[in-house]
Number of protein chains: 2
Amino acid sequence: MDESGWDRSRCSVAGTLAVVGEKWSLLVLREAFLGVRRFADLQRVLGAPRAVLTDRLNTLVAEGLLRRVPYRAEGERQRHEYRLTQKGLDLYPALVALMAWGDRYLSEDGEAPLGLRHRDCGERVHLALVCDAGHELSGARDVRPVPAVQPPAAAVSGGAPPR
Amino acid sequence: MDESGWDRSRCSVAGTLAVVGEKWSLLVLREAFLGVRRFADLQRVLGAPRAVLTDRLNTLVAEGLLRRVPYRAEGERQRHEYRLTQKGLDLYPALVALMAWGDRYLSEDGEAPLGLRHRDCGERVHLALVCDAGHELSGARDVRPVPAVQPPAAAVSGGAPPR
DNA sequence: CGCGCTGAGTTCGCTTGACGAACTCACTCG
DNA sequence: CGAGTGAGTTCGTCAAGCGAACTCAGCGCG
């Protein structure tokens with residue numbers, strides 16, 4: 001009766017969502033990627049309640065995705081801004097994937113509200129699913145999931161979802 | 001004062017999260033990719049309250065990511081199971097990206113709890129950020145975001161975040 | 001020096017959402 | 001007919017999100 005015999009509690013998707021799955025967290029990171037770093041700018045651009053935003057920023061700093069960097073604007077006292085760490089930067093593909101899906105399925109007016117270009121050559125950037133042998137996969141159907149712990153005996157689902 | 005001059009309200013990340021950003025939604029999809037299709041199985045495997053699970057499934061069906069398919073197991077009445085549509089299947093890269101991040105930053109015991117293999121050649125599967133010219137990018141730093149609407153005048157952030 | 005301004009929170013009621021247990025309903029099998 | 005089961009629904013409780021109001025520190029200005 002146990003499905004495909006592996007431990008969901010240590011699933012990496014669930015773990016990642018425990019870190020960035022709360023409301024506003026991924027949007028804060030999107031803004032960080034766009035260069036918005038100050039509390040007031042984040043608050044204005046996102047429209048999130050200040051209390052929630054404070055909490056999300058604290059969580060993201062505590063988890064090591066953002067770090068607080070002191071700065072000093074002219075005519076102002078010292079404050080700190082929020083910058084992405086490597087750990088935060090590495091979430092970029094996830095945001096790109098979510099954005100790509102939204103571009104495809106949610107845009108009435110035909111085109112993506114934000115395009116991504118290769119800094120060096122200017123060409124459009126997208127995500128690709130590839131294997132170590134260099135093949136490009138067309139989607140989920142080409143992937144076979146294998147649990148790290150060998151399935152005890154039951155094998156309900158052998159792999160990717162059928163049509 | 002306006003950051004990088006584009007309309008956040010139509011951001012594709014926000015739009016996508018409005019569809020799958022609620023608690024449990026992405027985990028339901030993860031299970032769907034693993035082949036779990038029946039309500040009871042989802043409920044047992046995820047541990048989500050039935051009421052919440054019902055609501056998420058209804059939302060995902062209404063949004064066209066899942067569809068209800070009637071089936072008839074032996075000795076049971078007719079029921080329906082939940083299957084991914086193309087729209088749902090296309091969210092796969094997002095789940096892979098979240099999983100990859102979790103594998104990298106959340107696993108103490110070294111390795112990923114679930115591996116992905118190319119169905120044809122058996123090699124490990126991963127996501128790559130590539131441009132239309134064929135270059136493989138190393139990360140967010142290699143990307144320059146360009147709003148579809150030309151920035152009116154202000155240009156606060158010219159591109160990817162500095163270190 | 002005292003005053004008002006501003007960015008960054010914090011506090012406070014209120015509403016929404018998640019939770020787990022109990023209840024319902026429709027069938028099917030014995 | 002009666003027990004069993006999958007798929008919900010209902011309910012009371014508790015946590016989270018919300019907007020508005022309040023606080024606090026440091027700065028420029030007079």
How many Å lie between [atom1] on [X] and [atom2] on [N], as a whole number?
| X | N | atom1 | atom2 | answer |
| --- | --- | --- | --- | --- |
| A/Leu46 | D/dG17 | CG | P | 14 Å |
| A/Glu22 | D/dA15 | CD | C1' | 11 Å |
| B/Asp41 | D/dG8 | CG | P | 13 Å |
| B/Leu57 | D/dG6 | CG | P | 16 Å |
| A/Leu53 | D/dA16 | CG | P | 17 Å |
| A/Arg37 | C/dA8 | CZ | P | 13 Å |
| B/Glu81 | D/dA7 | CD | P | 10 Å |
| B/Arg38 | D/dG6 | CZ | P | 9 Å |

Self-check item: Steps toward salt bridge (Lys or Arg N to Asp or Glu O under 4.0 Å) verdict (B/Lys87, B/Asp90)
Solution: CA-CA 5 Å; B/Lys87 197 171 174 182; B/Asp90 284 344; over 6 Å; no

Practice problem: Determine: side-chain N/O of A/His80 to OP1/OP2 of D/dA25, distance under 4.0 Å, yes or no. | Solution: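 So the side chain of A/His80 is outside the cut-off, no N or O lying under 4.0 Å from OP1 or OP2 of D/dA25.
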
Quiz item: Any side-chain N or O of B/Tyr82 under 4.0 Å from OP1/OP2 of D/dA7?
Solution: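 No, because none of the side-chain N or O atoms of B/Tyr82 sits under 4.0 Å from OP1 or OP2 of D/dA7.
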
Self-check item: Reported CG-to-OH distance for the pair A/Asp142 and B/Tyr92, which is rounded to 0.5 angstrom
Solution: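 Atom-to-atom, A/Asp142:CG and B/Tyr92:OH are 9.5 Å apart.
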
Measuring from the side chain of [X] (C-beta onward, heavy atoms only), which nucleotide among [options] has the closest atom?
| X | options | result |
| --- | --- | --- |
| A/Ala51 | C/dA18, D/dG17, C/dT11 | C/dT11 |
| B/Pro49 | D/dC18, C/dG9, C/dG20 | C/dG20 |
| B/Arg77 | C/dC19, C/dT28, C/dG7 | C/dT28 |
| B/Arg72 | C/dT28, D/dT9, D/dG6 | C/dT28 |
| B/Thr54 | D/dT9, C/dG7, C/dC19 | D/dT9 |
| B/Trp24 | C/dA18, D/dT9, C/dA8 | C/dA18 |
| B/Lys23 | C/dA18, D/dT9, D/dG17 | C/dA18 |

Quiz item: Do A/Leu17 and A/Trp101 sit in the same hydrophobic cluster, where Ile, Leu, Val, Met, Phe, Trp and Tyr count as joined when their side-chain heavy atoms come under 4.5 Å apart?
Solution: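 Yes: a chain of side-chain contacts under 4.5 Å links A/Leu17 to A/Trp101.
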
Quiz item: More than 12 heavy atoms of other residues, nucleotides or ligands under 6.0 Å from CZ of A/Arg124: is that the case?
Solution: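 It does not: A/Arg124 CZ has 12 such atoms or fewer within range.
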
Quiz item: Taking atom CZ of B/Arg10 as the centre, does the number of heavy atoms from other residues, nucleotides or ligands within less than 6.0 Å exceed 12?
Solution: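 Count not over threshold, so no.
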
Quiz prompt | Position toward the 5' end of DNA chain D (nearest nucleotide), A/Arg79 or A/Arg56 | solution =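 Closer to the 5' end of DNA chain D: A/Arg56.
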
